[in-house]
K.L.:
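Here it is, the structure in full.
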Amino acid sequence: MAPDLWSLYALMKMSRLFEETVTQLWQEGLISGEMHLGTGEEAIVAGVLDHVQEGDALALDHRATPALLMRGVDPVLILRELLGHEEGLCRGQGGHMHLFSHEHLAASSGIVGASGPAAAGFALAGQYLRPRAIAVAFFGEGAMNQGMLLEALNLAAVWRLPVLFVCKDDNWSITSDSSQLTGGNLCQRVEGLGVPYTVVDGTDVAAVWEAAGESIERIRDGHGPSFLHASCVHLEAHFLGYQLVRAARKPLQEVPRIARPLLKSFFRPGGASLRMRRQGLQEVLSALLTTHRDPRRSTANDPLIRARRALVSEPQRLRELEEDVEREIAAILSAVVEEGSG
Amino acid sequence: MAPDLWSLYALMKMSRLFEETVTQLWQEGLISGEMHLGTGEEAIVAGVLDHVQEGDALALDHRATPALLMRGVDPVLILRELLGHEEGLCRGQGGHMHLFSHEHLAASSGIVGASGPAAAGFALAGQYLRPRAIAVAFFGEGAMNQGMLLEALNLAAVWRLPVLFVCKDDNWSITSDSSQLTGGNLCQRVEGLGVPYTVVDGTDVAAVWEAAGESIERIRDGHGPSFLHASCVHLEAHFLGYQLVRAARKPLQEVPRIARPLLKSFFRPGGASLRMRRQGLQEVLSALLTTHRDPRRSTANDPLIRARRALVSEPQRLRELEEDVEREIAAILSAVVEEGSG
Amino acid sequence: MKTMFFTEAIDDALGQAMAADPRVIVFGEDVPLLRRNLLVRFGPERVRATPISESAFVGAGVAAAMAGLRPVVELYMVDFASVAMDALLNHAAKVESFSGGQWQAPLVVRAPCGGGYGDGGQHEQSLWGWLAHIPGLVVLVPSTPADAGGLMLAALEWDGPVVFLEHKLLSESWLEFMGSGGRTTVRYDVPAAGARGPVPREWQPVPLGEAALRKEGSDVAFVSVGVGVHRCLEAAQALEGEGITAAVLDLRTVSPLDRATFCELVARTGRLVVVDEDYERFGLSGELSAVALEAGLSFSYARVCTETTIPYARHLEDQTLPGTERIVAAARQLL
Amino acid sequence: MKTMFFTEAIDDALGQAMAADPRVIVFGEDVPLLRRNLLVRFGPERVRATPISESAFVGAGVAAAMAGLRPVVELYMVDFASVAMDALLNHAAKVESFSGGQWQAPLVVRAPCGGGYGDGGQHEQSLWGWLAHIPGLVVLVPSTPADAGGLMLAALEWDGPVVFLEHKLLSESWLEFMGSGGRTTVRYDVPAAGARGPVPREWQPVPLGEAALRKEGSDVAFVSVGVGVHRCLEAAQALEGEGITAAVLDLRTVSPLDRATFCELVARTGRLVVVDEDYERFGLSGELSAVALEAGLSFSYARVCTETTIPYARHLEDQTLPGTERIVAAARQLL
Ligand SMILES: Cc1ncc(C[n+]2csc(CCOP(=O)(O)OP(=O)(O)O)c2C)c(N)n1
Ligand SMILES: Cc1ncc(C[n+]2csc(CCOP(=O)(O)OP(=O)(O)O)c2C)c(N)n1
Ligand SMILES: [Mg+2]
Ligand SMILES: [Mg+2]
């Protein structure tokens with residue numbers, strides 16, 4: 001089977017525009033705390049979610065919005081929730097890292113790795129109550145060092161639970177380069193826990209769709225869990241307002257704020273040898289430079305731009321699709337914002 | 001280099017006789033709660049401990065006695081501790097699962113998997129304070145499903161910590177067959193966490209000695225952690241007084257106590273189909289039978305009997321060695337027991 | 001009158017619930033053997049063994065409950081809740097709130113607790129007051145077979161997460177498993193009325209959040225849970241000889257507290273002694289004093305609790321756990 | 001007079017300790033960037049990044065402390081102590097006892113805590129009273145830059161495990177990191193005197209277990225820690241207008257409590273209002289009432305705490321966290 005690229009693109013576009021709207025609202029101060037977006041991982045979410053059916057369950061991480069949107073949760077409810085309205089998806093009590101939809105059996109968590117055990121539990125209940133239902137866990141590669149996720153992979157393997165574990169690997173956990181903090185190889189690790197894996201380019205929605213489809217079919221057929229390793233980039237880095245991205249975008253404003261105390265401390269008497277200090281300084285500088293030269297700045301890694309390329313041959317249809325999505329998102333925004341000010 | 005089988009056998013023999021003494025005292029009720037022995041795993045402990053030096057650290061599990069004895073901790077202090085004397089190794093406060101010797105940098109824990117993080121921490125401190133020192137973690141294969149141990153393997157890999165992780169695999173975690181609860185393969189799992197491994201027959205002390213020696217040399221040379229997978233049996237199963245072993249040893253007395261409520265429940269109205277009930281019954285029966293036909297009953301799996309075989313060619317020396325050890329243990333026992341009654 | 005042992009009663013009530021409701025399943029380490037009487041009645045699909053992976057399987061229990069099951073998840077000991085704490089603190093307890101009330105996690109976490117048999121400080125903790133600090137968790141600590149069975153039933157009917165603690169000193173099977181190991185050479189100070197007692201012909205839920213007055217008395221109120229209740233009864237009996245009558249209140253539910261019954265008793269006696277095998281500081285004993293003060297009561301107060309890590313040696317352990325003598329002394333001090 | 005921001009003060013004191021004692025090392029997730037000012041002074045060997053493996057690296061911190069280092073182990077938030085709880089409950093807190101006093105684990109666990117910036121209930125908990133339940137842990141909650149630096153120094157000199165909590169609302173860097181993200185469009189109710197203040201030229205340890213009277217007063221005693229102290233000061237000021245003088249006691253150390261100073265104040269005022277951002281039940285507010293009762297004091301009592309899971313919406317959060325108005329109302333109720 002081949003994916004319907006149009007509908008996948010529509011899902012991704014909706015999610016992207018929704019999150020761009022959220023970004024605006026966050027910038028305007030209408031959202032108070034942290035805000036993690038899924039911009040950049042839409043192809044992974046869309047490619048998987050397109051196979052998710054009634055009765056399936058979703059265990060989501062701190063980037064839950066795209067999956068909920070694509071699962072069909074009312075965007076108005078989500079937006080209200082992000083803004084802390086009492087008529088939001090969770091009556092303003094959950095918030096962006098704790099979005100729940102009972103109706104869709106979808107739960108998120110801000111605890112890194114928690115989607116592993118959650119998906120195992122959802123899948124277990126599915127075995128008793130919803131034949132052929134599956135559970136999907138989404139998490140980052142940083143979570144692959146969290147014990148509860150490793151335990152959950154093993155548990156799913158030995159109980160043959162219908163779980164698709166989806167690792168959205170952007171190689172970053174906040175400010176850390178995950179490759180330096182992860183021993184061995186994730187796929188070997190997972191196999192050593194008894195779970196078979198597939199590797200896919202997570203910026204290619206068609207590839208994800210195919211890989212996920214095959215895995216999910218096997219899972220539904222009762223062959224136990226599967227692991228999907230999908231690489232991606234996060235366009236806004238860890239979260240909105242991430243300091244190093246700000247420094248990369250507005251170096252004149254942000255870099256001195258970082259550099260001044262840094263240099264003062266570098267020259268402060270008492271402490272390590274100059275060599276060691278230089279090594280420390282080198283680490284900070286390379287973090288700054290890495291962010292500056294970030295692959296997320298390359299459009300080649302934007303899954304929407306990539307997916308769109310396959311559709312430009314039908315410019316009219318594409319334009320209509322995009323305008324539809326834009327209108328939809330604008331309508332959601334104006335509905336919610338009017339309420340807020342009303 | 002070849003191992004000195006005489007001294008390894010002496011270590012093992014001392015440990016075995018000491019724990020047999022402990023068994024007696026436990027049977028007499030002088031020890032109140034649980035008592036896990038290391039009988040059956042002595043070859044692993046001896047083969048590793050013979051390479052441990054001043055400044056090295058030990059992170060032990062619930063079977064800590066053999067390692068402490070072989071490390072040179074005063075057996076009188078250990079025995080006093082097991083009996084809850086206030087002059088014991090830990091003043092009677094720690095007890096058999098919580099034996100500590102600061103002098104020997106040896107700490108045990110009754111929490112499954114805890115020796116992993118502990119060894120990582122010991123090794124980390126060693127890197128700063130004791131060049132070429134290593135830390136050894138001992139644990140069972142059941143612990144390989146505990147998140148903190150998996151995390152610790154990865155941590156040791158990425159920090160290149162001088163840790164030898166020793167998995168004493170008896171394939172049982174209390175009443176459970178670990179192979180049914182462990183997905184994939186432990187060695188692949190460990191490699192996927194970035195730690196190289198060696199597999200050895202843990203009932204062959206010479207083989208363990210060689211494998212451990214090589215690994216430890218690499219570790220001391222700064223090449224990071226290593227994993228030693230050593231199979232063994234535990235002669236007393238999980239702990240003293242283990243019900244299924246009692247049932248296997250005194251079936252007439254114990255089996256009816258198990259069977260009566262079991263059959264009553266089996267026939268009780270309300271519940272699963274007869275087929276499911278039979279499956280359940282089958283599980284219980286096979287646990288009983290497994291214990292009955294246990295490989296631990298085969299002398300081929302007793303590491304002492306195995307090691308002794310290489311020494312019988314010098315019967316005189318062997319007899320002297322054994323008599324020495326027996327005298328030593330008898331002296332320890334009488335010293336401690338006299339105190340207790342004095 | 002039918003009588004049962006403590007754990008027998010729990011398993012019996014659990015069996016009744018499992019027969020009535022296919023959503024009830026049981027899992028945990030070694031559960032097929034530990035609950036073999038349920039295994040042979042309900043089959044291996046509903047009575048399951050887990051790997052030693054508490055954070056995964058308790059977390060899975062939370063989600064399984066959210067997705068329609070009524071799982072009873074067993075921990076080998078409440079001490080090991082430490083490795084599954086995230087599932088309790090940040091998930092089970094928060095689902096209802098986070099979902100704005102639309103979703104709940106009706107999970108029962110069942111765990112042996114408590115000391116008195118020489119297993120050392122990592123294996124004899126009580127931790128009920130610690131768990132009760134977390135809003136959203138119900139915490140149950142029965143002291144008799146009848147309550148144990150009835151509270152298990154109530155726990156399974158409750159729509160949120162419940163921690164059900166089973167004191168090892170009251171449990172015929174845990175005490176044999178972790179303690180005697182079949183020996184007749186060891187002695188434990190087991191409260192007979194807690195270890196075995198009358199039970200109803202058919203199990204009915206014992207309402208959550210309802211304390212039970214075990215003994216009337218007007219001079220001082222002893223308030224406790226679990227084994228502590230029996231120690232209080234012994235202490236009350238010892239004081240009788242001195243002409244002092246002590247009331248003994250068994251909270252049964254640590255959270256939510258039965259504030260009304262408790263406050264009424266404190267008001268009536270004017271003297272409160274909290275007996276708590278859990279750690280003294282920042283726990284149940286403090287909470288009870290605050291509840292009484294909030295009710296505007298004025299009373300004298302003492303507590304007999306576990307103050308430190310529990311030592312291994314039996315004689316040291318006996319001094320550390322709240323024993324009858326210390327309770328008697330505390331009562332005398334208030335009189 | 002030298003002034004510093006809150007976290008700047010902690011890092012500065014930590015830097016002083018690191019310069020003086022090579023055994024002090026720092027590790028945790030993202031620590032090289034979060035503590036970059038220490039990184040460029042002490043080098044990458046002493047300022048290390050960990051994987052997201054709290055149970056391993058906190059456990060490793062305990063053992064590293066036992067083996068001779070003085071590690072400062074950072075958690076991203078105290079909420080995530082849930083995944084490292086075994087290392088705290090069953091290891092750090094018990095080493096001294098288990099070893100019969102021969103061995104200790106001088107580890108500092110440093111973690112941001114607290115709410116007031118809209119991050120939701122899994123990321124804004126306080127948990128100091130919860131941690132203080134565990135015998136063997138010292139728990140510190142500074143409310144000013146001077147105390148924050150001085151207590152960090154004292155924590156590093158202490159021979160046992162210490163949990164050092166850094167309130168995000170007082171921390172210039174955490175509040176930017178988790179809150180504003182550089183925006184000027186959001187407002188948080190930051191207590192100015194807590195966020196920035198005078199600090200000594202050279203750091204001296206602030207003694208553990210010593211409370212500080214922040215304001216004299218004779219009608220009622222407000223007792224709190226962290227941001228709560230500042231809310232109490234605001235409430236006290238509001239009450240001044242009504243002719244009510246409230247004393248404000250900053251405990252600074254949650255465990256062990258400064259019982260003497262606390263009891264003296266309660267005795268003197270006869271009215272106690274505990275203000276606690278941690279959960280209300282089975283926590284600090286209860287413990288303080290028990291301590292005062294144990295001292296034989298008679299006093300009226302109220303508490304203003306966090307009663308439930310903290311909601312996400314800022315207006316709901318404001319109602320849930322102990323705010324000035326609720327404190328004023330509680331005081332009035334006692335008068
Ligand atoms: C148990 C736990 N530890 C730490 C954190 C703080 N934290 C939030 S997101 C994050 C990084 C996660 O990285 P990854 O899993 O790769 O996901 P990504 O953000 O890259 O999508 C961290 C460390 C947390 N939320 N939970
Ligand atoms: C975290 C934790 N969970 C459960 C237990 C109970 N327990 C004690 S020993 C044990 C089995 C351990 O099996 P394994 O690691 O293979 O070691 P073995 O006893 O076979 O040597 C279990 C489950 C525990 N002590 N700690
Ligand atoms: Mg990532
Ligand atoms: Mg084993």
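In what follows, chains carry the letters A, B, and so on, assigned in the order in which the sequence lines appear, proteins first and then strands, with residues in each chain numbered from 1.
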K.L.:
To the nearest 0.5 Å, what is the distance between NE2 on D/H91 and CD1 on B/I111?
P.N.:
5.5 Å

K.L.:
What closest approach, in Å, do D/A67 and B/F122 show between heavy atoms, and which atom pair accounts for it?
P.N.:
CB-CD2, 3.7 Å

K.L.:
For B/A118 and D/A63, which heavy atoms make the closest approach, and how far apart are they?
P.N.:
O-CB, 3.1 Å

K.L.:
What part of B/A133 is in contact with chain D, defined as an atom under 4.5 angstrom from a non-hydrogen atom: side chain, backbone, both or neither?
P.N.:
neither

K.L.:
Heavy atoms only, distances under 4.5 angstrom: which of D/S97, D/A65, D/G68 has the most pairs with chain B? Name it, please.
P.N.:
D/S97

K.L.:
Nearest heavy-atom pair of B/A125 and D/A64: which atoms, and what distance?
P.N.:
CB-O, 3.8 Å

K.L.:
Nearest 0.5 Å, what's the CE-OG distance between B/M148 and D/S55?
P.N.:
6.0 Å

K.L.:
At a heavy-atom distance under 4.5 Å, which candidate from D/V95, D/T50, D/D86 has the highest pair count against chain B?
P.N.:
D/D86

K.L.:
Could you check whether B/W159 and D/F57 have their ring centres less than 6.0 Å apart?
P.N.:
no

K.L.:
Under 3.5 Å, is there a donor-acceptor pair between the side chain of B/Y128 and the main chain of D/P22?
P.N.:
no

K.L.:
Tell me, yes or no, whether the heavy-atom count around B/R91 atom CZ, taken from other residues, nucleotides or ligands under 6.0 Å, exceeds 12.
P.N.:
no

K.L.:
Name the member of B/G126, B/A106, B/A57 that forms the most heavy-atom pairs with chain D at distances under 4.5 Å.
P.N.:
B/A106

K.L.:
Tell me if a side-chain donor or acceptor on B/Q93 pairs with a main-chain N or O of D/E96 at a distance below 3.5 Å.
P.N.:
no

K.L.:
Show your reasoning for whether side chain to side chain contact (heavy atoms under 4.5 Å, CB included) applies to B/L105 and D/M66.
P.N.:
CA-CA 8 Å; B/L105 292 177; D/M66 292 169 71; over 6 Å; no

K.L.:
Of the backbone (N, CA, C, O) and the side chain (C-beta and beyond), which part of D/A84 lies under 4.5 Å from a heavy atom of chain B, both, or neither?
P.N.:
neither

K.L.:
Return yes when atom CD of D/E157 has more than 12 non-hydrogen atoms of other residues, nucleotides or ligands closer than 6.0 Å, and no otherwise.
P.N.:
yes

K.L.:
Could you pull out the closest heavy-atom pair between B/L155 and D/P51, with the gap in Å?
P.N.:
CD1-CD, 3.5 Å

K.L.:
Do we see a donor-acceptor contact under 3.5 Å between the side chains of D/S99 and B/H102?
P.N.:
no

K.L.:
Between D/Q102 (side chain only) and B/C90 (backbone N and O only), is there a donor and an acceptor less than 3.5 Å apart?
P.N.:
no

K.L.:
In terms of ring plane angle, is the pair D/F98 and B/F100 parallel, tilted or perpendicular, where the classes change at 30° and 60°?
P.N.:
tilted

K.L.:
Less than 4.5 Å to any heavy atom of chain D: does that hold for the side chain of B/Q127, its backbone, both, or neither?
P.N.:
side chain

K.L.:
For the interface with chain B, which of D/V83, D/I25, D/N90, D/L69 has the highest count of heavy-atom pairs at distances below 4.5 Å?
P.N.:
D/L69

